[in-house]
Amino acid sequence: MDRRIDLLVALAFALLGLFVIFQATDITQGMMRDPIGPRMAFYAVGGMLAVGGAFLAFRHVVAWRQGAGHVMVSEGSPDEPESPASALQAFLLVGVCLAYAIAFQPLGYLFATPLFILAGLFVLGERKWQVMVTIAIVFSTASYLVFAQALSVRVPVGPLTGLFRDLGWIIL
Amino acid sequence: MDFLQPLLGGLALMGDPWIWVAVVAGTLFGVVSGAMPGIGTTLAYGLVLPFTFVMSPVIGVAFLLSISVGVGYGNSIPAILMGIPGNPAAILTVIDGHTLHKRGKSALALAVSLVAALSGQALSVLMFILLVVPLMGMAYYFSFPEIFGLYCLGFVALISLAGDNMIKGMMAATFGIGVGLIGLDPINMVTRMDFGLRELRSGLEPVALVIGLLAVSELFRSARQSFQWKDLSGGLNNTKWPGFKAIKPAVPAMFSGTIVGTFVGSIPGAGATPAAMISYQTAQMFSKTPEEFGKGSIEGIGANEAAQNASNSGELIPTLGLGIPVSGSMVLLLAALTVQGFVPGPLMVVNAPHLLYAAIAGLLASTFLLAFTGWGMARLMLKAVTMNRQVVIVLALAMVCMGTYALNTRILDVGIALGAGVVGYFMLRYGYSTAAAALGVFLGSEFERSLRIGLNMNDNNFIQFITRPIAASIVAVAIGLLIWGALKRRQMRRRMAARAAGTAQTGDMMVE
């Protein structure tokens, strides 16, 4: 585990704590007064995050001054040792997920989902296009049938809305 | 309510064919998920949660609990065959089970884990009934101060979920509490931390948050690496049932594991991992061959697997009896019930006893099912290990997105789950417990609500509030457990450090 990133994460929590305290001062008190009030919980949360983050950051700085290096024993879930790990790959997948969420309504589930699956598998290093396309189409169609038709979830279908409405598959 | 009624209610529900449909689906899904390394009960719950919204609450509870039983059995497969613990509780199964696998005795290890998991589960259900019924009788004495006490007790659970670094664990929990507090103030109904956004006025959808923190984060973390599970497995060299004679020496260990597992599992602040560790130590103490523990002992596997499954029933005691979830998966179980309109708390099961019957039916039916099909499923689980890991990750993400969208048909909830997943990714990577954060989301707002409304009811007098007899005793128990937990934790870490030092020393001597 990289001590520098751990330090950044701790500082991010500390900053979040300060931000929470700052924002909590803006909360209106309301008509009904009680001894605790609507701000107190956020002061406590912000205080804990700020103090905890600052303490962790301080500990790292002390470790550096004592000559400890950037690499430290991992405190988080470790990767599998036999295989290379890439944070970039994980973040690309996060990006693909966000794009999917944005495209979900305008493109509709039946177009956005296969594209998401193809992009996701591509990011994770799969290149067998025939298999990937089959999985994407079968999963999207099957899950649409389960959610939209069997579980009656209102799933957006984007450009197909008019067609599906004419066919009587959706009532909206 | 007498003790027989829940058992009879549960058995009566087992006559409903729909329960069996749910249990078969849940158990199969649980076994397959458990067999895939990295997918534990919590992630499995997260994936199927949206399906439970359209089920009746009874079917939904039975379905979810049958998944727990399936995962409890399924997760011994990667532990034994690949040496990968699906969760921290399975670490001891790895030590003994994987050693047996390397010696060519995979079938024996798998058989012991099957028998231990099933007997542990079945016996612990009876203990669950014995313990939860008296709790339910007390429910009518509970008002806001007592519920506040219960939430204090819930906070004790954070000790075991905090992970190795206590400060990070507490910060993770605080983060969860803070996010859970966004929305309307419980007394004044003023908006808090909504940043002027209409969508945030009534708070962030807690189910989406919890799914993001527990399930999406793990999927994002898994996406760091591309490999196939089957490359890590040595395959199964012998799938013949070894016979009960071979398993018999492990039976006393399974029995003690069940008792320890149920009790330890029910304590907020404990859970499956300490249950497994304590029962392993107990079994070693009573064993005729204690020197074999850690070197391929079937007693060790028996004690550990029985305790893990028994703690499933143990965790249900505070979850259903008091409305306090003590683990990630129990948070999701209560989330599923909240979506169905139930209000978690001491009165939940008193008002809706069929939830209790459903839990019993789900646990018993899936245990029964595994007793007949479990060994055959071992082969199926090996197939699960050969599934393409990358495809599983991407399809699981697609399912989570669809599932969170289905909560309120709002794309914002998908965004919340993904955002929580990204935060959870960093938390997992850098040792901030996501389970503690998820529990914080659930506990924080209710803690504040019960404290402030309770104070209001007691003339804003804290002494009057805290000296109500039941409230005071629960808070005292919580403080006691907190101190006991902290001491035990220190003791366990010292012992582990000593053991590690001992191993290093033996290693040095062997080198010399």
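Here is the naming used below: chain letters follow the sequence lines, and residue numbers restart at 1 for every chain.
More than 12 heavy-atom neighbours from other residues, nucleotides or ligands sit within 6.0 angstrom of CZ on A:F139. More than 12 heavy atoms of other residues, nucleotides or ligands shown are found within 6.0 angstrom of CE on B:M55. Counting non-hydrogen atoms of neighbouring residues, nucleotides and ligands closer than 6.0 angstrom, the CZ atom of A:R127 exceeds 12 such neighbours. Other residues, nucleotides and ligands contribute more than 12 heavy atoms inside 6.0 Å of the CH2 atom of A:W64.
Contacts of B:Y405 with chain A are made by side-chain atoms alone, with heavy-atom separations under 4.5 Å and no backbone atom involved. Heavy-atom distances place the side chain of B:I167, and not its backbone, under 4.5 Å from chain A. The parts of A:I117 that come within reach of chain B are both its backbone and its side chain, each placing non-hydrogen atoms under 4.5 angstrom from that chain. Interface remark: B:L418 contributes side-chain atoms only to the contact with chain A (heavy atom separation under 4.5 Å). Using a 4.5 Å cut-off between heavy atoms, A:Q23 contacts chain B through both its backbone and its side chain. For chain A, the nearby part of B:F426 is the side chain; its heavy atoms alone come within less than 4.5 Å. With a 4.5 angstrom heavy-atom cutoff, A:A119 does not touch chain B via any of its atoms. With a threshold of 4.5 angstrom between heavy atoms, B:V391 approaches chain A through its backbone and through its side chain. Neither the backbone nor the side chain of A:S143 has a heavy atom closer than 4.5 Å to any heavy atom of chain B. For B:T174, the parts lying near chain A are the backbone and the side chain together; criterion is any non-hydrogen pair under 4.5 Å. Both the backbone and the side chain of A:L98 come within less than 4.5 Å of a heavy atom in chain B. A:R3 does not touch chain B: none of its heavy atoms, backbone or side chain, sits under 4.5 Å away. When heavy atoms are compared at a cutoff of 4.5 Å, A:A24 approaches chain B by way of both its backbone and its side chain. No part of A:V51 comes within reach of chain B, as not one of its non-hydrogen atoms sits under 4.5 angstrom from that chain. Interface residue B:Y432: only side-chain heavy atoms are found under 4.5 Å from chain A. The contact between A:L49 and chain B is made by backbone and side chain atoms together, counting heavy-atom distances below 4.5 Å.
Shortest non-hydrogen contact noted between A:R154 and B:T409 is O-CG2, 3.7 Å. For the pair B:V394 and A:F116, the tightest heavy-atom approach, listed with the atom from each and the gap, is O-CE2, 3.8 Å.
Counting only heavy atoms from C-beta outward, the side chains of A:Y144 and B:M402 never approach each other to under 4.5 Å. Under the 4.5 Å side-chain criterion, counting only non-hydrogen atoms from C-beta, A:Y100 is not in contact with B:V414. Contact check for A:L56 versus B:Y430: no side-chain heavy atoms found under the 4.5 Å cut-off. For the pair A:P38/B:R452, a side-chain contact is recorded, criterion being any heavy-atom separation below 4.5 Å from C-beta on. A:C97 has its side chain within reach of B:F220: a pair of non-hydrogen atoms, C-beta onward, lies under 4.5 Å apart. Side-chain contact check for A:I135 versus B:N388: every heavy-atom pair is 4.5 Å or farther apart.
Checking side-chain atoms of B:Q390 against main-chain N and O of A:L124 turns up no donor-acceptor pair under 3.5 Å.
Put simply, of A:G52, A:S83, A:A41, the one with the most heavy-atom pairs under 4.5 Å next to chain B is A:S83. Ranked by heavy-atom pairs shorter than 4.5 Å toward chain B, the options A:G37, A:A101, A:A44, A:P84 are led by A:G37. Interface remark: of the candidates A:A87, A:G120, A:A85, A:A85 forms the most heavy-atom pairs closer than 4.5 Å to chain B. Each of B:L397, B:I393, B:T191 has some count of heavy-atom pairs under 4.5 Å with chain A, and the biggest count is that of B:L397. Among the candidates B:A406, B:S226, B:G178, the residue making the largest number of heavy-atom pairs closer than 4.5 Å to chain A is B:S226. Of the listed residues (A:D79, A:V20, A:V9, A:D6), the greatest number of heavy-atom pairs within a distance under 4.5 Å of chain B belongs to A:D79. Here B:R429 is the residue among B:E448, B:R429, B:M427 with the most heavy-atom pairs under 4.5 Å with chain A. Taking chain B as the reference chain and counting heavy-atom pairs below 4.5 Å, the highest number among A:V131, A:L121, A:I27, A:V155 is found for A:L121. Of the listed residues (A:S140, A:G125, A:G46, A:P156), the one with the most heavy-atom contacts under 4.5 Å to chain B is A:P156.
For the atom pair CG of B:L219 and CG of A:L93, the computed distance is 8.5 Å after rounding to the nearest 0.5 Å. To the nearest 0.5 Å, atoms CG (B:N165) and CD (A:E75) are separated by 4.5 Å. A distance of 9.0 Å separates CD in B:Q225 from CD in A:Q89, rounded to the nearest 0.5 Å.
Using bins of under 30°, 30° to 60° and over 60° for the plane-to-plane angle, the ring pair A:F19/B:F195 lands in the parallel bin.
Every pair tested for ring-ring contact (aromatic ring centres under 6.0 Å, His included) that includes a residue from residues 22-47 of chain A fails, sequence neighbours excluded, so the list is empty.
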Check against side chain to side chain contact (heavy atoms under 4.5 Å, CB included), B:M193 and A:D26: CA-CA 9 Å; B:M193 298 281 172; A:D26 267 357; over 6 Å; no
Residue pair A:D34, B:L455: steps toward the side chain to side chain contact (heavy atoms under 4.5 Å, CB included) verdict: CA-CA 8 Å; A:D34 65 321; B:L455 269 177; over 6 Å; no
